[in-house]
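We number each residue from 1, following the sequence as shown. Each ligand, and each atom within it, is numbered from 1 in the order the structure gives. Quick note: numbers below take in every heavy atom, side chains included, and nothing from hydrogens, waters or symmetry partners.
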Amino acid sequence: LSRRSFLGTTGAAMVGAAVSMSSVEALAAGGKQGPLNLVEKIFEAHRVGGELKTGKMIALKVDQVMNHDINGMAWLEFEAIGLDTVKVPFAISFVDHNMLQTDYMNPDDHIFMQTAAAKFGAHFSRPGNGVCHQVHLERFAAPGKIYFGTDSHTPTAGGMGMIAIGVGGLDVAAMFAGMPFEFNMPKVVQIKLTGNLQRPYVTAMDVILTILQKLSVKGGVGKIIEYSGPGVANLTLTERATITNMGAELGATTSIFPSDEQTRKFLKAQGREKEWKALAADPGAQYDQTIEIDLSKLEPMIALPWSPDKVVPIRTVAGKKVNQVCIGSCTNSSYGMMKTVATMLKGNTVDEMVSLLINPGSRQVYSMLAKDGSVADMIQSGARMLESGCGPCIGMGAAPGSGQVSVRSYNRNFKGRSGTKDAQVYLASPISCAAMALKGEIIDPRDAGIKVPMVAEPAQYLINDSMIVKPKKDRSKIKIVRGPNIKPLPVKEALRDTIAATTLLKVGDNITTDAIMPSGAKVLPLRMNIPKISEHVFESVDKTFASRAMALKDKGGSIIVGGDNYGQGSSREHAALAPMYLGVQAVIAKNIARIHNSNLINFGILPLMFKSDEDYKRVAQGDELVIRNVIKNVKGSQTYEVENKTQGYTFTVVSKLNVREQEIMV
Ligand code: MIC
Ligand code: SF4
């Protein structure tokens with residue numbers, strides 16, 4: 001293993017931890033008797049170590065792995081591991097996020113990604129081919145498989161009856177290298193669906209918005225959501241994918257649907273019927289919790305600014321003027337839904353105060369809409385067509401004006417994510433969005449007086465994989481192209497035995513990775529340039545954070561104090577990597593969101609939890625804290641005494657690292 005980068009410590013530890021785990025732990029033990037739920041079935045078929053038991057460590061063989069262009073770093077990390085080829089059955093890189101080409105930076109990233117994928121034997125989905133989750137669902141997802149990606153919405157593929165989980169880039173680099181994935185088995189929650197949706201006005205988006213209203217952005221933490229019940233059969237595969245996509249907003253590890261005739265129908269229409277198999281929970285399977293939802297009772301819903309769980313029925317907030325509407329993204333881009341929108345727009349005109357932007361999630365859907373005339377109907381109505389990519393969802397173009405109201409069929413509306421800090425971003429179904437674009441105000445689509453057709457998914461999709469570059473057999477002459485935007489990985493220091501650092505920032509509950517490390521057109525092109533991107537850490541919360549942290553970097557460094565669900569939202573590893581670069585030693589929070597927690601560990605920042613709310617309340621920004629015997633405690637009691645030198649008292653915090661994480665940490 002190379003010692004050139006932080007992987008010298010972290011990567012080596014990851015490899016070591018994985019190898020020791022899979023050879024030491026005997027497979028014979030740890031199985032489960034009796035009826036299995038769907039998650040357990042797929043886990044058991046992939047288990048290479050550990051136990052199939054809630055809260056216990058389990059190691060899984062991985063079938064498919066992906067990264068995308070804002071986590072191109074995963075290739076730098078893979079390089080540092082020192083292998084010349086990926087060792088996982090299927091690997092793919094997508095370019096879909098960083099699509100604006102206003103200078104050399106993003107195109108440098110694209111060519112780096114393409115040549116790295118080619119060199120190491122991965123597939124490459126070219127810019128313009130679509131958003132990773134939509135494309136993966138169409139062309140690669142298959143029932144029963146296990147799939148990991150550097151993106152929190154990887155669970156979109158759970159609609160296909162597979163396990164699909166979002167993780168950090170370094171985890172993906174390890175999986176590119178063929179390592180199993182090890183984690184603590186989450187709880188499995190059953191959501192039992194009954195009844196039928198009141199189509200066309202009530203959609204899959206309204207299902208998941210309703211679930212978000214009930215469970216909140218913390219409701220899925222530490223859980224996998226398994227859908228079942230008589231209501232499932234009537235949901236199409238693409239509707240299921242909308243629901244599993246936004247399971248990420250619940251904080252769930254992933255969400256999954258059974259594989260049935262709907263699944264077969266979709267795969268057949270994609271020319272992949274051979275990949276189908278039926279999969280469902282055994283009768284009598286056990287769950288940690290069961291929630292029932294009657295689909296017939298749902299109505300059109302909307303999430304208010306600035307959290308996807310601030311959900312209310314649309315009719316309760318009707319009448320507010322709308323300035324921008326965005327339809328598409330990885331959440332709601334099925335052909336059927338897009339064609340429905342086109343038919344609503346046909347012969348009508350978008351309100352003169354509304355800018356309507358449409359980004360179909362994949363080139364497949366876009367081409368089909370172009371062929372059948374839907375794109376012309378959209379353009380004629382006054383819509384602005386964007387390319388198949390993330391676009392406005394991640395603030396890459398189309399930022400709303402100051403204080404403007406933007407309604408989107410997307411999955412996230414965190415403050416500032418649109419590119420405009422005070423823009424009021426709402427989330428609703430594509431049908432609700434189209435009605436609002438025409439009426440110029442927030443309106444329940446049932447009250448808009450617009451005909452909404454029922455457009456079914458087609459029996460045959462338009463298949464053309466020419467923008468997915470397959471790996472070549474002879475890769476010896478391929479050179480990885482590194483433009484000036486591709487900077488080497490920063491070096492990670494070893495974990496200190498005594499952390500004596502300043503509480504540089506204290507924040508409240510539900511702080512998102514968007515707040516820690518913003519996205520948007522100015523920041524995203526810096527993803528391969530850690531010193532530069534680090535200047536933007538926490539800029540919307542505290543403009544001086546980065547410079548104050550840099551000043552303390554050589555004087556003991558800093559500590560961040562967080563509330564509940566710290567680091568919720570995305571898989572953004574830069575939300576850990578950039579703080580590491582700025583000298584952050586530890587995060588002490590009430591609790592830390594799953595992917596962010598592992599990103600912190602991967603980049604050597606110690607994730608610690610308060611034992612009482614009182615301790616959280618008492619510690620103040622600016623306090624000097626000292627934590628001793630860190631190394632011993634990481635591998636031992638995982639309990640740490642923290643001396644607050646400024647206020648003169650001591651409190652206790654804990655870490656919850658599994659064996660593998662302990663090895664990575666020290
Ligand atoms: C997002 O939707 O926030 C992103 C951009 O797709 C992220 C990925 C990232 O920031 O690295 C995600 O969801 O994980
Ligand atoms: Fe792209 Fe938005 Fe989907 Fe993230 S949530 S993958 S930014 S479309």
What protein N/O/S atoms sit under 2.8 Å from atom 1 (Fe) of ligand 2, by chain and number? Cys390 SG
Any side-chain to backbone donor/acceptor pair from Asn485 onto Asp109? Under 3.5 Å, distance only. no
According to side-chain contact (heavy atoms from CB on, under 4.5 Å), who are the partners of Leu304, at least two apart in sequence or on a separate chain? Ile302, Lys310, Val312, Val317, Tyr426
Hey, which atoms in ligand 1 end up nearer than 4.0 Å to a heavy atom of Arg417? 1 (C), 2 (O), 3 (O)
Please could you name the atoms of ligand 1 that His97 approaches to less than 4.0 Å, counting only its heavy atoms? 4 (C), 5 (C), 6 (O)
Short version for Glu573: what comes under 4.0 Å of ligand 1, heavy atoms counted, is neither
Name of the residue among Thr244, Asp151, Asp96 meeting side-chain hydrogen bond (donor to acceptor under 3.5 Å, both in side chains) with His133: Asp151
Subset of ligand 2 atoms that lie under 4.0 Å from at least one heavy atom of Asn411: 5 (S)
Ring pair (Phe, Tyr, Trp, His ring centres under 6.0 Å) partners of Phe176, counting only residues at least two apart: Trp75
Looking at atom 5 (C) of ligand 1, what's its closest protein heavy atom, distance included? Ile394 CD1, 2.9 Å
Check His574 against ligand 1 and report side chain, backbone, both or neither, counting heavy atoms closer than 4.0 Å. neither
Sub-4.0 Å atoms of ligand 1 with respect to non-hydrogen atoms of Asp151: 4 (C), 6 (O), 7 (C), 8 (C), 12 (C), 13 (O), 14 (O)
Keeping Asp564 on the side-chain end and Asp509 on the backbone end, is there a donor-acceptor pair under 3.5 Å? no
Considering only the protein, which heavy-atom contact is closest to atom 7 (C) of ligand 1, and what is its distance? Ser570 CB, 3.4 Å
Per-atom filter on ligand 1: closer than 4.0 angstrom to a heavy atom of Arg527 are 9 (C), 10 (O), 11 (O)
Does the Gln134 side chain pair with the main chain of Val131, one donor and one acceptor, at a distance under 3.5 Å? no
Looking only at protein heavy atoms, which one is nearest to atom 10 (O) of ligand 1, and what is the separation? Arg572 NE, 2.6 Å
If the condition is side-chain contact (heavy atoms from CB on, under 4.5 Å), which residues does Ala549 pass it with, not counting sequence neighbours? Leu504, Phe545, Ser558, Leu582
Can you tell me the protein heavy atom closest to atom 13 (O) of ligand 1 and the distance? Ser152 OG, 2.6 Å
Taking only non-hydrogen atoms of Ile70 and a 4.0 Å limit, the atoms of ligand 1 in range are 5 (C), 9 (C), 10 (O), 11 (O)
Asn71 contact mode with ligand 1 (heavy-atom cut-off under 4.0 Å): side chain
